[in-house]
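Quantities reported herein were computed from a predicted structural model and do not represent experimental measurements. Below, each value reflects all heavy atoms present in this structure, side chains not excepted, and no hydrogens, waters or symmetry copies.
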Amino acid sequence: MIMKLVLLWVLGLWSVSGIDLSRSESFLSYLDEEVTVSPGSTTTLIVPLTLIQGAASKGAVCLDGTLPGYHLHRGFGSGANSWVIHLEGGGWCNTIRSCVFRKTTRRGSSKFMEKSINFTGILSNKAEENPDFYNWNRVRVRYCDGASFAGEGQNEANKLYFRGQRIWLAAMEELMAKGMQNANQAILSGCSAGGLASILHCDEFKNLFPETTKVKCLSDAGLFLDATNVAGGHTLRDMYEGVVTLQGVQKNLPSTCTSQKDPTSCFFPQNLVSNVKTPMFLLNAAYDAWQVDQSLIPSLADPHGLWRACKTDRSHCNSSQIQFFQDFRNQMLDAVKIFSESNQNGLFINSCFAHCQSERKDTWYENDSPRIGNKVHPIYIRA
């Protein structure tokens, strides 16, 4: 299933689409997806990495203590004063062991980050692929903290720095100095763990600008649910509890949530989105491939392999397994019900087994994607 979404700034935010379970796709984990391209490639825009040189003095460092970074491609023409800030995703680390491993990868150290990456999807500079934002200033902020840009602390014994919140602040300060302070419109977006980060930081992003700047947020595949897995356990909650506790995330969670719920619950977007004041759009698959594979049906919850065939090929799912997926879909829709009732918000929940749809050309914008209700605005879908 290929989905194409267009966010039209002047029209605001939008509506909910119906869902079915008509097709399946093989699972490709975004967490392992490479973002590099071959040197000399002319098919996509290649943008170099910029390290934030002043970050270390602020303690804004990756897990291993190296400088954080971003990729910036300048806007032009009518988009010269418009900005898209895209927060990279890539899971989390919830234990000392997993964080020590993570700091030996691009998800925890700028030493291992690609020196240049290709900009596609919402970051593309091609009008035919990204008609709304192709000439905006487009930025991809690299993810190297393991807590959705929200941690605050460190572990001296293992030389781990949990500085996600400081990285966020240092990146925004640098980008503001590079012209974002003059933006007449700005979008904070993010995918996966970055999609969660765009929810956590949405109002902070808005507060960077004067009231005259139009600011909105987009969370792609960031709607992680506190769901029960096939064995009755809570895989994601258990993992999130480790992230929040180890990395000091509770210090940076919204008080509107923590005054009523425990910190781990306040790391789940379903408990946050209704209280975000800034206009926000949620883009998510009802059967999010990462959540299905890693949270709902992790290997430990299926020791006898009863779900193996279904996970590999959705056409091999029996009726009870399909119902399990439908129940998850219903839980997602229930979680965003209050959020969707605000006329400043919008959401698009489609029927794909997919994860992160704004970063790729084939799931962001295709020429042969039909319109919904024969309307140009604001959402297109091809099923």
Ring pair (Phe, Tyr, Trp, His ring centres under 6.0 Å), that's the test. Do Phe267 and Phe224 meet it? Break it down for me. CA-CA 9 Å; Phe267 201 56; Phe224 298 97; 9.0 Å; no
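- Under a 3.5 Å cut-off, the side chain of Asp220 and the backbone N or O of Gly195 do not form any donor-acceptor pair.
- Between Arg360 and Glu129 there is no salt bridge, since no side-chain nitrogen of the basic residue lies less than 4.0 Å from a carboxylate oxygen of the acidic one.
- Around CD1 of Ile96, the count of heavy atoms belonging to other residues, nucleotides or ligands within 6.0 Å exceeds 12.
- Tyr161 belongs to a hydrophobic cluster whose other members, connected by ILVMFWY side-chain contacts under 4.5 Å either directly or through intermediates, are Val61.
- A 4.5 Å side-chain heavy-atom check between Phe119 and His73 finds at least one atom pair inside the cut-off.
- Of the possible polar contacts, none joining the Asp302 side chain to the Ile297 backbone as a donor-acceptor pair under 3.5 Å is found.
- The pair Asp203-Lys277 does not count as a salt bridge, with every side-chain nitrogen at least 4.0 angstrom from each carboxylate oxygen.
- Under a 4.0 Å N-O distance rule, the pair Glu341/Lys337 qualifies as a salt bridge.
- No hydrogens or angles considered: nothing links the side chains of Gln165 and Gln247 as a donor-acceptor pair under 3.5 Å.
- With hydrogens and angles ignored, the 3.5 Å screen pairs a side-chain donor or acceptor of Ser259 with a backbone N or O of Ser255.
- Salt bridge annotation for Lys311-Asp293: present, with a cationic side-chain nitrogen under 4.0 angstrom from a carboxylate oxygen.
- There is no side-chain donor-acceptor pair under 3.5 Å between Thr120 and Asn118.
- None of Glu359, His355, Glu88 except one satisfies the side-chain hydrogen bond (donor to acceptor under 3.5 Å, both in side chains) rule with Ser192; the exception is His355.
- Residues Leu282 and Leu333 are members of one and the same hydrophobic cluster, defined by side-chain heavy-atom contacts under 4.5 angstrom among Ile, Leu, Val, Met, Phe, Trp and Tyr.
- In the hydrophobic cluster analysis, where Ile, Leu, Val, Met, Phe, Trp and Tyr join through side-chain heavy atoms closer than 4.5 angstrom, Val141 is grouped apart from Phe162.
- Linking Ile, Leu, Val, Met, Phe, Trp and Tyr residues whenever their side-chain heavy atoms come within less than 4.5 Å places Trp83 and Met172 in a single cluster.
- We find the CZ-CG distance between Arg140 and Leu49 to be 11.5 Å, quoted to the nearest 0.5 Å.
- Asn350 and Gln357 form a side-chain donor-acceptor contact under 3.5 Å, judged by distance and modelled atom types alone.
- Checking Gln326 against Asn330 by side-chain atom types alone, no donor-acceptor pair falls below 3.5 Å.
- No hydrogens or angles considered: a donor-acceptor pair under 3.5 Å links the side chains of Thr235 and Asn229.
- For Trp92 and Tyr143, the ring centers sit 6.0 Å or farther from each other.
- Put simply, the side chain of Asn130 gets close to the backbone of Ser124: a donor and an acceptor are under 3.5 Å apart.
- In this structure, the side chain of Arg163 engages the main chain of Gly59 through a donor-acceptor pair within 3.5 Å.
- Remark: the Asn345 side chain and the Ser340 side chain contain no N/O donor-acceptor pair separated by less than 3.5 Å.
- Donor-acceptor pairing under 3.5 Å is recorded for the side chains of Tyr70 and Lys178.
- The local environment of NZ in Lys251 is crowded, with over 12 non-hydrogen atoms from other residues, nucleotides or ligands closer than 6.0 Å.
- A chain of hydrophobic side-chain contacts below 4.5 Å, direct or via other Ile, Leu, Val, Met, Phe, Trp or Tyr residues, connects Val276 to Phe149.
- Residues passing the salt bridge (charged side-chain N to carboxylate O under 4.0 Å, His left out) test with Arg166 are Glu152, sequence neighbours excluded.
- Residues Phe205 and Leu272 fall within the same hydrophobic cluster, defined by Ile, Leu, Val, Met, Phe, Trp and Tyr side chains chained together at heavy-atom separations under 4.5 Å.
- Between Gln323 and Gln321, the side chains place no donor N or O within less than 3.5 Å of an acceptor N or O (distance only, hydrogens not considered).
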Under the ring pair (Phe, Tyr, Trp, His ring centres under 6.0 Å) rule, what do Phe328 and Tyr287 come out as? Steps first, then yes or no, please. CA-CA 7 Å; Phe328 178 71; Tyr287 316 103; 7.7 Å; no
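- Looking at Arg102 and Asp145, no side-chain N of the basic residue comes within less than 4.0 Å of a carboxylate O on the acidic one, giving no salt bridge.
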